[in-house]
Q: 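Questions regarding the structure given below will be posed in turn.
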Amino acid sequence: MAANWRVATAALRRHLLSPPPIIFAAFRESTGALSAANQRRSYTTALADDDPRGKWLTLPPFSPTIDAAAVGKELSFDDGDSVVKGSNDGSTTALRWILRCRPDLPRNLVQKLFRLRQVRVRRQVVVVVPMSCELQRSQLKRVAAKESLNVGDRIYLPLSVGNDAPQPAKKERFLCSEEERKFVCSLVLYKDPAIIVLNKPHGMAVQGGTGVKTSIDELAATCLTFDKSESPRLVHRLDRDCSGLLVLGRTQTAATLLHSIFREKTSGASAYGVKKNIKSLKRKYLALVIGCPRRQRGQISAPLRKLVVDDGKSDRITVNDNGELVSTQHAITEYRVVESSPHGYTWLELRPLTGRKHQLRVHCAEVLGTPILGDYKYGWQAHKTREPFVSPENTRTKTSSPFGLDMEGGDVSSKQPHLHLHSKQIDLPNICQLLEKLEVSSDSDISDLDSLKFDAPLPTHMQLSFNLLKSRVETCDYC
(Lines give C-alpha, C1' and ligand atoms only; values in the text may rest on other atoms or scores of the structure.)
Protein backbone atom coordinates (compact mmCIF):
# COMPACT_ATOMS: atom_id res chain seq x y z
CA MET A 1 0.00 0.00 0.00
CA ALA A 2 2.86 2.39 0.85
CA ALA A 3 4.57 1.49 -2.43
CA ASN A 4 1.47 2.40 -4.42
CA TRP A 5 1.26 5.73 -2.60
CA ARG A 6 4.88 6.54 -3.50
CA VAL A 7 4.26 5.73 -7.20
CA ALA A 8 1.19 7.98 -7.30
CA THR A 9 3.06 10.81 -5.60
CA ALA A 10 5.92 10.62 -8.14
CA ALA A 11 3.48 10.63 -11.07
CA LEU A 12 1.69 13.69 -9.68
CA ARG A 13 5.03 15.49 -9.22
CA ARG A 14 6.03 14.78 -12.85
CA HIS A 15 2.68 16.06 -14.07
CA LEU A 16 2.99 19.31 -12.15
CA LEU A 17 6.57 19.95 -13.39
CA SER A 18 5.81 19.16 -17.04
CA PRO A 19 5.22 22.06 -19.63
CA PRO A 20 1.63 23.03 -20.43
CA PRO A 21 -0.16 21.03 -23.10
CA ILE A 22 0.24 22.07 -26.74
CA ILE A 23 -3.36 23.14 -26.91
CA PHE A 24 -2.68 25.95 -24.42
CA ALA A 25 0.35 27.20 -26.43
CA ALA A 26 -1.67 27.19 -29.65
CA PHE A 27 -4.46 29.05 -27.93
CA ARG A 28 -2.00 31.67 -26.65
CA GLU A 29 -0.55 32.18 -30.15
CA SER A 30 -3.98 32.55 -31.73
CA THR A 31 -4.99 35.05 -29.06
CA GLY A 32 -1.87 37.13 -29.74
CA ALA A 33 -2.43 37.05 -33.48
CA LEU A 34 -6.02 38.13 -33.02
CA SER A 35 -4.95 41.03 -30.77
CA ALA A 36 -2.31 42.15 -33.26
CA ALA A 37 -4.83 42.02 -36.10
CA ASN A 38 -7.28 44.16 -34.14
CA GLN A 39 -4.55 46.72 -33.39
CA ARG A 40 -3.47 46.83 -37.03
CA ARG A 41 -7.06 47.60 -38.05
CA SER A 42 -7.07 50.52 -35.67
CA TYR A 43 -4.04 52.03 -37.48
CA THR A 44 -5.38 51.46 -40.99
CA THR A 45 -8.91 52.69 -40.90
CA ALA A 46 -10.76 52.46 -44.21
CA LEU A 47 -7.91 50.39 -45.65
CA ALA A 48 -8.65 46.70 -46.05
CA ASP A 49 -5.54 45.99 -48.13
CA ASP A 50 -2.13 46.78 -46.57
CA ASP A 51 -0.29 46.30 -49.86
CA PRO A 52 -0.53 49.54 -51.91
CA ARG A 53 1.31 48.23 -54.96
CA GLY A 54 -0.59 48.93 -58.14
CA LYS A 55 -2.92 51.46 -56.48
CA TRP A 56 -0.63 54.33 -55.54
CA LEU A 57 2.13 56.51 -56.92
CA THR A 58 5.12 55.70 -54.70
CA LEU A 59 7.75 58.27 -53.66
CA PRO A 60 11.26 57.45 -52.43
CA PRO A 61 11.62 56.79 -48.69
CA PHE A 62 12.48 59.84 -46.65
CA SER A 63 16.13 60.23 -45.69
CA PRO A 64 17.96 63.23 -44.19
CA THR A 65 19.61 65.33 -46.89
CA ILE A 66 22.77 67.40 -46.85
CA ASP A 67 22.18 71.09 -46.18
CA ALA A 68 24.57 72.19 -48.91
CA ALA A 69 23.93 75.90 -48.44
CA ALA A 70 24.85 75.72 -44.73
CA VAL A 71 27.97 73.67 -45.49
CA GLY A 72 29.12 76.25 -48.05
CA LYS A 73 28.64 79.02 -45.50
CA GLU A 74 30.69 77.17 -42.87
CA LEU A 75 33.49 76.54 -45.35
CA SER A 76 33.76 80.21 -46.21
CA PHE A 77 34.67 81.38 -42.72
CA ASP A 78 37.55 80.09 -40.65
CA ASP A 79 36.30 80.16 -37.06
CA GLY A 80 38.78 77.57 -35.79
CA ASP A 81 36.25 74.74 -35.98
CA SER A 82 37.27 71.96 -38.38
CA VAL A 83 33.90 70.17 -38.12
CA VAL A 84 30.99 70.97 -40.43
CA LYS A 85 27.43 69.88 -39.78
CA GLY A 86 26.13 68.75 -43.12
CA SER A 87 22.65 67.38 -42.56
CA ASN A 88 19.38 68.78 -41.36
CA ASP A 89 17.63 67.72 -38.15
CA GLY A 90 16.55 64.43 -39.73
CA SER A 91 12.92 65.45 -40.18
CA THR A 92 10.71 67.25 -42.68
CA THR A 93 7.00 67.57 -43.33
CA ALA A 94 5.06 65.39 -45.73
CA LEU A 95 4.24 68.41 -47.90
CA ARG A 96 7.89 69.44 -48.26
CA TRP A 97 8.99 65.91 -49.09
CA ILE A 98 6.41 65.58 -51.86
CA LEU A 99 7.42 68.91 -53.38
CA ARG A 100 11.09 67.92 -53.17
CA CYS A 101 10.55 64.53 -54.83
CA ARG A 102 8.04 65.80 -57.39
CA PRO A 103 8.88 69.42 -58.26
CA ASP A 104 6.69 69.04 -61.36
CA LEU A 105 3.54 68.94 -59.20
CA PRO A 106 1.98 72.34 -58.47
CA ARG A 107 1.87 73.19 -54.78
CA ASN A 108 -1.85 73.91 -54.85
CA LEU A 109 -2.51 70.45 -56.33
CA VAL A 110 -0.54 68.75 -53.56
CA GLN A 111 -2.34 70.79 -50.90
CA LYS A 112 -5.67 69.76 -52.44
CA LEU A 113 -4.68 66.09 -52.08
CA PHE A 114 -4.05 66.65 -48.39
CA ARG A 115 -7.40 68.42 -47.91
CA LEU A 116 -9.15 65.48 -49.59
CA ARG A 117 -7.17 63.11 -47.32
CA GLN A 118 -5.81 61.20 -50.31
CA VAL A 119 -2.16 61.06 -49.19
CA ARG A 120 -0.85 58.01 -47.34
CA VAL A 121 2.37 57.21 -45.52
CA ARG A 122 3.90 53.83 -44.79
CA ARG A 123 5.97 53.79 -41.62
CA GLN A 124 7.28 51.41 -39.03
CA VAL A 125 5.12 51.31 -35.87
CA VAL A 126 5.56 49.36 -32.67
CA VAL A 127 2.77 46.83 -32.02
CA VAL A 128 2.44 45.52 -28.44
CA VAL A 129 1.31 41.91 -28.53
CA PRO A 130 -0.31 40.70 -25.28
CA MET A 131 1.64 38.00 -23.41
CA SER A 132 4.52 38.55 -25.89
CA CYS A 133 7.24 41.05 -26.85
CA GLU A 134 6.87 44.28 -28.86
CA LEU A 135 6.94 43.94 -32.65
CA GLN A 136 7.65 46.47 -35.44
CA ARG A 137 5.17 46.36 -38.28
CA SER A 138 4.85 48.36 -41.48
CA GLN A 139 1.61 50.32 -41.45
CA LEU A 140 -0.17 52.42 -44.08
CA LYS A 141 -2.16 55.41 -42.87
CA ARG A 142 -3.35 58.85 -43.84
CA VAL A 143 -0.93 61.71 -43.28
CA ALA A 144 -1.39 65.45 -42.81
CA ALA A 145 0.53 68.07 -44.77
CA LYS A 146 2.45 69.38 -41.75
CA GLU A 147 3.03 65.99 -40.17
CA SER A 148 6.72 65.20 -39.65
CA LEU A 149 8.28 62.23 -41.39
CA ASN A 150 10.72 59.80 -39.86
CA VAL A 151 13.65 58.21 -41.63
CA GLY A 152 12.37 55.45 -43.90
CA ASP A 153 8.79 56.74 -44.19
CA ARG A 154 7.41 56.38 -47.70
CA ILE A 155 4.68 58.61 -49.18
CA TYR A 156 1.95 57.28 -51.51
CA LEU A 157 -0.12 59.48 -53.81
CA PRO A 158 -3.17 58.55 -55.92
CA LEU A 159 -2.32 57.32 -59.40
CA SER A 160 -4.62 60.01 -60.81
CA VAL A 161 -2.14 62.69 -59.73
CA GLY A 162 -0.14 62.00 -62.89
CA ASN A 163 -3.14 62.97 -65.00
CA ASP A 164 -4.01 66.03 -62.95
CA ALA A 165 -0.50 67.47 -63.04
CA PRO A 166 0.21 69.83 -65.96
CA GLN A 167 2.60 68.40 -68.49
CA PRO A 168 5.93 70.26 -68.39
CA ALA A 169 6.90 72.00 -71.58
CA LYS A 170 9.42 69.91 -73.45
CA LYS A 171 12.71 71.73 -73.67
CA GLU A 172 14.31 71.21 -77.01
CA ARG A 173 17.86 69.98 -76.67
CA PHE A 174 20.48 71.80 -78.63
CA LEU A 175 21.53 69.66 -81.58
CA CYS A 176 25.28 69.36 -82.06
CA SER A 177 27.28 67.85 -84.85
CA GLU A 178 29.99 65.35 -84.00
CA GLU A 179 32.64 68.02 -84.57
CA GLU A 180 30.86 70.45 -82.24
CA ARG A 181 30.43 67.75 -79.60
CA LYS A 182 34.14 66.96 -79.69
CA PHE A 183 34.92 70.67 -79.40
CA VAL A 184 32.73 71.04 -76.29
CA CYS A 185 34.28 67.95 -74.68
CA SER A 186 37.76 69.33 -75.42
CA LEU A 187 36.95 72.29 -73.14
CA VAL A 188 36.81 70.00 -70.08
CA LEU A 189 39.88 70.43 -67.88
CA TYR A 190 38.65 68.37 -64.92
CA LYS A 191 35.74 66.06 -64.09
CA ASP A 192 34.76 64.08 -61.00
CA PRO A 193 31.36 62.85 -59.68
CA ALA A 194 30.58 66.30 -58.26
CA ILE A 195 31.97 69.00 -60.57
CA ILE A 196 33.15 69.78 -64.11
CA VAL A 197 35.69 72.52 -64.84
CA LEU A 198 35.80 74.06 -68.33
CA ASN A 199 38.16 76.42 -70.11
CA LYS A 200 35.50 78.65 -71.69
CA PRO A 201 36.45 80.18 -75.03
CA HIS A 202 36.15 83.86 -75.84
CA GLY A 203 32.83 84.84 -77.43
CA MET A 204 30.65 82.04 -76.02
CA ALA A 205 27.84 83.04 -73.67
CA VAL A 206 27.48 81.20 -70.39
CA GLN A 207 23.68 81.40 -70.27
CA GLY A 208 20.99 81.88 -72.90
CA GLY A 209 19.18 85.15 -73.46
CA THR A 210 18.16 87.68 -76.07
CA GLY A 211 20.37 87.38 -79.12
CA VAL A 212 22.20 84.32 -77.76
CA LYS A 213 22.21 81.36 -80.15
CA THR A 214 24.57 79.07 -78.24
CA SER A 215 25.38 78.97 -74.53
CA ILE A 216 27.44 76.83 -72.20
CA ASP A 217 24.27 76.03 -70.26
CA GLU A 218 22.63 74.42 -73.32
CA LEU A 219 25.78 72.70 -74.54
CA ALA A 220 26.47 71.20 -71.11
CA ALA A 221 23.00 69.60 -71.06
CA THR A 222 23.64 68.11 -74.51
CA CYS A 223 27.31 67.13 -74.41
CA LEU A 224 28.54 67.04 -70.81
CA THR A 225 26.13 64.80 -68.87
CA PHE A 226 28.44 61.77 -69.33
CA ASP A 227 27.32 59.06 -66.87
CA LYS A 228 24.86 61.31 -64.98
CA SER A 229 21.11 61.55 -65.51
CA GLU A 230 21.22 65.22 -64.44
CA SER A 231 22.54 68.04 -66.59
CA PRO A 232 25.46 70.08 -65.20
CA ARG A 233 24.38 73.29 -63.50
CA LEU A 234 25.99 76.73 -63.58
CA VAL A 235 27.25 78.00 -60.21
CA HIS A 236 28.88 81.29 -61.31
CA ARG A 237 29.17 83.46 -64.40
CA LEU A 238 31.75 84.76 -66.85
CA ASP A 239 31.14 87.52 -69.39
CA ARG A 240 30.64 86.32 -72.94
CA ASP A 241 33.91 87.92 -74.08
CA CYS A 242 35.84 86.71 -71.02
CA SER A 243 37.64 83.39 -71.32
CA GLY A 244 38.92 80.90 -68.77
CA LEU A 245 37.83 78.69 -65.91
CA LEU A 246 34.13 77.96 -65.44
CA VAL A 247 32.91 75.55 -62.74
CA LEU A 248 29.68 73.53 -63.07
CA GLY A 249 27.98 71.27 -60.51
CA ARG A 250 27.06 67.78 -61.73
CA THR A 251 24.32 67.24 -59.12
CA GLN A 252 21.82 69.49 -57.38
CA THR A 253 23.63 69.10 -54.05
CA ALA A 254 27.05 69.88 -55.52
CA ALA A 255 25.68 72.89 -57.40
CA THR A 256 23.99 74.28 -54.27
CA LEU A 257 27.19 73.83 -52.27
CA LEU A 258 29.34 75.54 -54.92
CA HIS A 259 26.87 78.38 -55.37
CA SER A 260 26.89 78.94 -51.61
CA ILE A 261 30.71 79.10 -51.60
CA PHE A 262 30.76 81.72 -54.38
CA ARG A 263 27.96 83.71 -52.74
CA GLU A 264 29.49 83.66 -49.25
CA LYS A 265 32.85 84.75 -50.66
CA THR A 266 31.18 87.92 -51.91
CA SER A 267 28.90 88.61 -48.94
CA GLY A 268 31.73 87.98 -46.47
CA ALA A 269 33.99 90.61 -47.98
CA SER A 270 34.41 93.97 -46.27
CA ALA A 271 36.23 97.22 -46.87
CA TYR A 272 39.25 95.73 -45.11
CA GLY A 273 39.41 92.55 -47.18
CA VAL A 274 38.32 89.04 -46.28
CA LYS A 275 39.61 86.66 -43.69
CA LYS A 276 42.30 84.35 -45.01
CA ASN A 277 41.01 80.82 -45.16
CA ILE A 278 42.81 77.92 -46.83
CA LYS A 279 39.47 76.23 -47.53
CA SER A 280 37.78 79.20 -49.19
CA LEU A 281 37.52 80.16 -52.82
CA LYS A 282 40.46 81.90 -54.49
CA ARG A 283 40.42 83.28 -58.03
CA LYS A 284 43.03 84.94 -60.23
CA TYR A 285 42.53 86.65 -63.57
CA LEU A 286 45.09 87.84 -66.10
CA ALA A 287 44.40 91.01 -68.09
CA LEU A 288 46.20 93.16 -70.62
CA VAL A 289 45.37 96.81 -70.02
CA ILE A 290 46.04 100.02 -71.92
CA GLY A 291 48.42 102.17 -69.89
CA CYS A 292 50.06 101.42 -66.55
CA PRO A 293 48.76 101.87 -62.97
CA ARG A 294 50.64 104.35 -60.80
CA ARG A 295 51.29 101.69 -58.15
CA GLN A 296 52.71 98.23 -58.71
CA ARG A 297 50.13 96.58 -56.47
CA GLY A 298 47.16 97.50 -54.33
CA GLN A 299 43.58 96.86 -53.31
CA ILE A 300 40.61 98.57 -54.92
CA SER A 301 37.58 99.03 -52.69
CA ALA A 302 34.91 100.89 -54.61
CA PRO A 303 31.12 100.46 -54.56
CA LEU A 304 29.40 99.84 -57.88
CA ARG A 305 25.98 100.85 -59.13
CA LYS A 306 23.95 100.23 -62.29
CA LEU A 307 22.98 102.99 -64.72
CA VAL A 308 20.21 102.56 -67.28
CA VAL A 309 21.10 104.10 -70.65
CA ASP A 310 19.67 104.32 -74.17
CA ASP A 311 16.12 104.88 -72.88
CA GLY A 312 16.20 101.64 -70.91
CA LYS A 313 17.53 99.50 -73.75
CA SER A 314 20.84 98.75 -72.00
CA ASP A 315 22.73 99.38 -68.80
CA ARG A 316 26.26 99.87 -67.61
CA ILE A 317 28.05 99.59 -64.27
CA THR A 318 29.89 102.54 -62.77
CA VAL A 319 31.72 103.44 -59.56
CA ASN A 320 29.53 105.26 -57.06
CA ASP A 321 32.00 107.84 -55.73
CA ASN A 322 29.68 110.79 -55.15
CA GLY A 323 28.09 109.52 -51.93
CA GLU A 324 24.54 109.53 -53.28
CA LEU A 325 21.99 107.40 -51.46
CA VAL A 326 21.48 104.92 -54.28
CA SER A 327 21.47 101.14 -54.44
CA THR A 328 25.13 100.11 -54.59
CA GLN A 329 27.15 96.90 -54.26
CA HIS A 330 30.45 96.86 -52.49
CA ALA A 331 33.27 95.49 -54.65
CA ILE A 332 36.88 94.67 -53.77
CA THR A 333 39.70 93.75 -56.15
CA GLU A 334 43.37 93.13 -55.47
CA TYR A 335 45.77 93.81 -58.34
CA ARG A 336 49.45 93.36 -59.13
CA VAL A 337 51.51 94.53 -62.08
CA VAL A 338 53.05 91.48 -63.76
CA GLU A 339 54.93 93.34 -66.47
CA SER A 340 54.81 96.65 -68.31
CA SER A 341 55.51 96.91 -72.02
CA PRO A 342 57.32 99.86 -73.61
CA HIS A 343 54.50 99.93 -76.16
CA GLY A 344 52.03 101.25 -73.57
CA TYR A 345 50.44 98.01 -72.35
CA THR A 346 50.57 96.28 -68.96
CA TRP A 347 49.86 92.75 -67.84
CA LEU A 348 47.88 92.71 -64.58
CA GLU A 349 47.04 89.95 -62.13
CA LEU A 350 43.56 90.58 -60.72
CA ARG A 351 42.10 88.86 -57.63
CA PRO A 352 38.39 89.63 -57.12
CA LEU A 353 37.40 89.31 -53.47
CA THR A 354 33.78 89.92 -54.43
CA GLY A 355 31.86 88.75 -57.49
CA ARG A 356 29.99 91.74 -58.91
CA LYS A 357 28.88 92.18 -62.50
CA HIS A 358 31.68 93.72 -64.65
CA GLN A 359 33.66 94.34 -61.44
CA LEU A 360 37.15 93.84 -62.89
CA ARG A 361 36.41 95.78 -66.06
CA VAL A 362 35.02 98.81 -64.18
CA HIS A 363 37.76 98.83 -61.55
CA CYS A 364 40.47 98.74 -64.21
CA ALA A 365 38.85 101.44 -66.36
CA GLU A 366 37.46 103.88 -63.78
CA VAL A 367 39.66 103.40 -60.72
CA LEU A 368 43.07 102.51 -62.18
CA GLY A 369 42.52 104.48 -65.38
CA THR A 370 43.77 101.52 -67.43
CA PRO A 371 40.90 99.92 -69.37
CA ILE A 372 41.27 96.30 -70.46
CA LEU A 373 42.26 95.86 -74.08
CA GLY A 374 39.17 94.93 -76.11
CA ASP A 375 36.70 96.39 -73.59
CA TYR A 376 34.78 98.86 -75.74
CA LYS A 377 31.97 99.29 -73.18
CA TYR A 378 34.12 100.81 -70.44
CA GLY A 379 37.23 101.83 -72.39
CA TRP A 380 35.90 103.18 -75.67
CA GLN A 381 37.74 106.51 -75.30
CA ALA A 382 41.13 104.81 -74.91
CA HIS A 383 40.43 102.60 -77.93
CA LYS A 384 39.58 105.63 -80.10
CA THR A 385 43.09 107.01 -79.69
CA ARG A 386 44.85 103.64 -79.63
CA GLU A 387 47.24 102.73 -82.44
CA PRO A 388 47.32 98.97 -83.27
CA PHE A 389 50.63 97.32 -82.48
CA VAL A 390 52.21 96.44 -85.82
CA SER A 391 54.38 93.35 -86.21
CA PRO A 392 55.86 92.19 -89.54
CA GLU A 393 55.49 88.58 -88.42
CA ASN A 394 51.78 88.93 -87.83
CA THR A 395 50.52 86.98 -90.85
CA ARG A 396 47.65 84.62 -90.18
CA THR A 397 44.80 83.15 -92.15
CA LYS A 398 41.35 82.76 -90.62
CA THR A 399 39.91 79.28 -90.28
CA SER A 400 36.35 78.23 -89.51
CA SER A 401 35.58 77.43 -85.87
CA PRO A 402 32.67 75.60 -84.20
CA PHE A 403 29.58 77.65 -83.33
CA GLY A 404 30.89 80.59 -85.38
CA LEU A 405 33.48 81.53 -82.76
CA ASP A 406 36.29 83.83 -83.86
CA MET A 407 39.24 81.77 -82.66
CA GLU A 408 41.81 83.58 -84.82
CA GLY A 409 43.07 87.14 -84.56
CA GLY A 410 41.83 89.60 -81.98
CA ASP A 411 45.31 90.15 -80.51
CA VAL A 412 47.08 93.42 -79.76
CA SER A 413 47.91 93.95 -83.43
CA SER A 414 44.25 93.86 -84.49
CA LYS A 415 42.23 96.99 -85.14
CA GLN A 416 39.45 95.51 -83.03
CA PRO A 417 41.12 93.22 -80.49
CA HIS A 418 39.17 90.72 -78.39
CA LEU A 419 38.71 91.31 -74.68
CA HIS A 420 42.00 90.45 -72.97
CA LEU A 421 40.55 89.16 -69.69
CA HIS A 422 41.13 85.54 -68.73
CA SER A 423 40.05 83.56 -65.65
CA LYS A 424 43.44 81.93 -65.09
CA GLN A 425 43.40 80.17 -61.73
CA ILE A 426 40.80 78.89 -59.25
CA ASP A 427 41.38 77.17 -55.91
CA LEU A 428 38.36 75.61 -54.21
CA PRO A 429 37.64 72.79 -51.75
CA ASN A 430 37.37 69.23 -53.02
CA ILE A 431 33.58 69.11 -53.24
CA CYS A 432 33.45 65.42 -54.14
CA GLN A 433 35.56 64.46 -51.12
CA LEU A 434 33.48 66.68 -48.84
CA LEU A 435 30.18 65.16 -49.97
CA GLU A 436 31.57 61.66 -49.44
CA LYS A 437 32.52 62.62 -45.88
CA LEU A 438 29.07 64.04 -45.17
CA GLU A 439 27.36 60.90 -46.45
CA VAL A 440 29.27 58.87 -43.87
CA SER A 441 28.72 61.31 -41.01
CA SER A 442 26.73 64.53 -40.77
CA ASP A 443 29.42 65.97 -38.46
CA SER A 444 32.56 65.64 -40.56
CA ASP A 445 36.13 66.70 -39.81
CA ILE A 446 37.36 68.80 -42.72
CA SER A 447 40.82 69.56 -41.35
CA ASP A 448 42.26 67.14 -43.92
CA LEU A 449 40.00 68.28 -46.78
CA ASP A 450 41.99 68.59 -50.00
CA SER A 451 42.02 71.73 -52.12
CA LEU A 452 41.68 71.57 -55.89
CA LYS A 453 43.80 73.98 -57.95
CA PHE A 454 43.01 74.66 -61.60
CA ASP A 455 44.98 76.61 -64.21
CA ALA A 456 43.56 77.40 -67.64
CA PRO A 457 45.82 77.86 -70.69
CA LEU A 458 45.59 81.27 -72.34
CA PRO A 459 43.29 81.74 -75.33
CA THR A 460 44.89 82.16 -78.73
CA HIS A 461 44.50 85.95 -78.96
CA MET A 462 46.12 86.57 -75.56
CA GLN A 463 48.96 84.16 -76.26
CA LEU A 464 49.61 85.98 -79.53
CA SER A 465 49.68 89.30 -77.69
CA PHE A 466 52.24 87.84 -75.30
CA ASN A 467 54.41 86.80 -78.19
CA LEU A 468 54.02 90.08 -80.08
CA LEU A 469 54.89 92.18 -77.05
CA LYS A 470 57.86 89.88 -76.41
CA SER A 471 56.65 89.43 -72.87
CA ARG A 472 58.80 87.69 -70.32
CA VAL A 473 55.69 86.19 -68.77
CA GLU A 474 56.67 82.86 -70.32
CA THR A 475 59.29 82.55 -67.58
CA CYS A 476 56.74 82.85 -64.74
CA ASP A 477 53.61 81.03 -63.63
CA TYR A 478 51.25 82.28 -66.31
CA CYS A 479 52.18 80.11 -69.27
Q: Quick one: sort the H420 and W347 rings into parallel, tilted or perpendicular, breaks at 30° and 60°.
A: tilted
Q: For D239, is there an ion pair with R361 - N to carboxylate O distance below 4.0 angstrom?
A: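 Answer for the salt bridge query: yes.
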Q: Looking at M462, H461, R386, which hits side chain to side chain contact (heavy atoms under 4.5 Å, CB included) with P417?
A: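 Only match with P417 under side chain to side chain contact (heavy atoms under 4.5 Å, CB included): R386.
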Q: Are the side chain of Q359 and the backbone of I332 linked by a donor-acceptor contact shorter than 3.5 Å?
A: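 Here the side-chain-to-backbone pair exists.
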Q: Please state whether the rings of F262 and H236 are parallel, tilted or perpendicular, taking 30° and 60° as the class boundaries.
A: parallel
Q: Between D153 and R122, does any NZ, NE, NH1 or NH2 come within less than 4.0 Å of an OD or OE carboxylate oxygen?
A: no
Q: State plainly whether the residues D227 and R250 are in salt-bridge range, i.e. N to O under 4.0 Å.
A: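 Yes, D227 and R250 are salt-bridged.
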Q: Are the side chain of T346 and the backbone N or O of G291 linked by a donor-acceptor pair below 3.5 Å?
A: yes
Q: Does some side-chain heavy atom of C292 sit less than 4.5 Å from a side-chain heavy atom of S340?
A: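 Yes, their side chains come closer than 4.5 Å.
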Q: Is K357 salt-bridged to D315, going by a charged N under 4.0 Å from an acidic O?
A: yes
Q: Applying ring pair (Phe, Tyr, Trp, His ring centres under 6.0 Å), name anything that partners H422, two or more places apart in sequence or on another chain.
A: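 Per chain and number, H422 pairs via ring pair (Phe, Tyr, Trp, His ring centres under 6.0 Å) with no residue.
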Q: Could you tell me whether a side-chain N or O of S148 sits under 3.5 Å from a main-chain N or O of T92, the two making a donor and an acceptor?
A: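 Side chain of S148 to backbone of T92: no pair is present.
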Q: Going by atom type alone, with no hydrogens or angles, which donor-acceptor pairs under 3.5 Å involve a side-chain atom of residues 189-197 and a protein atom two or more places apart or on another chain?
A:
| residue | atom | partner | partner atom | Å |
| --- | --- | --- | --- | --- |
| Y190 | OH | D192 | OD2 | 2.8 |
| D192 | OD1 | A194 | N | 2.8 |
| D192 | OD1 | I195 | N | 2.8 |

Q: Verify the distance criterion only: is there a donor paired with an acceptor across the side chains of Q207 and R237 at less than 3.5 Å?
A: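 There is such a pair between these side chains.
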Q: Above 12 or not: heavy atoms from other molecules or residues under 6.0 Å from NZ of K377?
A: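 Yes - once you tally the heavy atoms of other residues, nucleotides and ligands closer than 6.0 Å, there are more than 12.
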Q: Give a yes-or-no answer on whether the side chains of R336 and Q296 include a donor-acceptor pair shorter than 3.5 Å.
A: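 No, Q296 and R336 have no side-chain donor paired with an acceptor closer than 3.5 Å.
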Q: Look only at the side chain of E180 and the backbone of S177, and say whether a donor-acceptor pair between them is shorter than 3.5 Å.
A: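 Yes, the answer is positive, given that a donor and an acceptor are paired below the 3.5 Å cut-off.
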Q: Checking the side chain of K200 only, and the main-chain atoms of R240 only, is there a donor and an acceptor separated by less than 3.5 Å?
A: yes
Q: Side chains of H202 and T460: is there a donor and an acceptor less than 3.5 Å apart?
A: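 There is no such pair between these side chains.
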Q: Would you call R123 and E147 a salt bridge, taking side-chain N to carboxylate O under 4.0 Å as the test?
A: yes
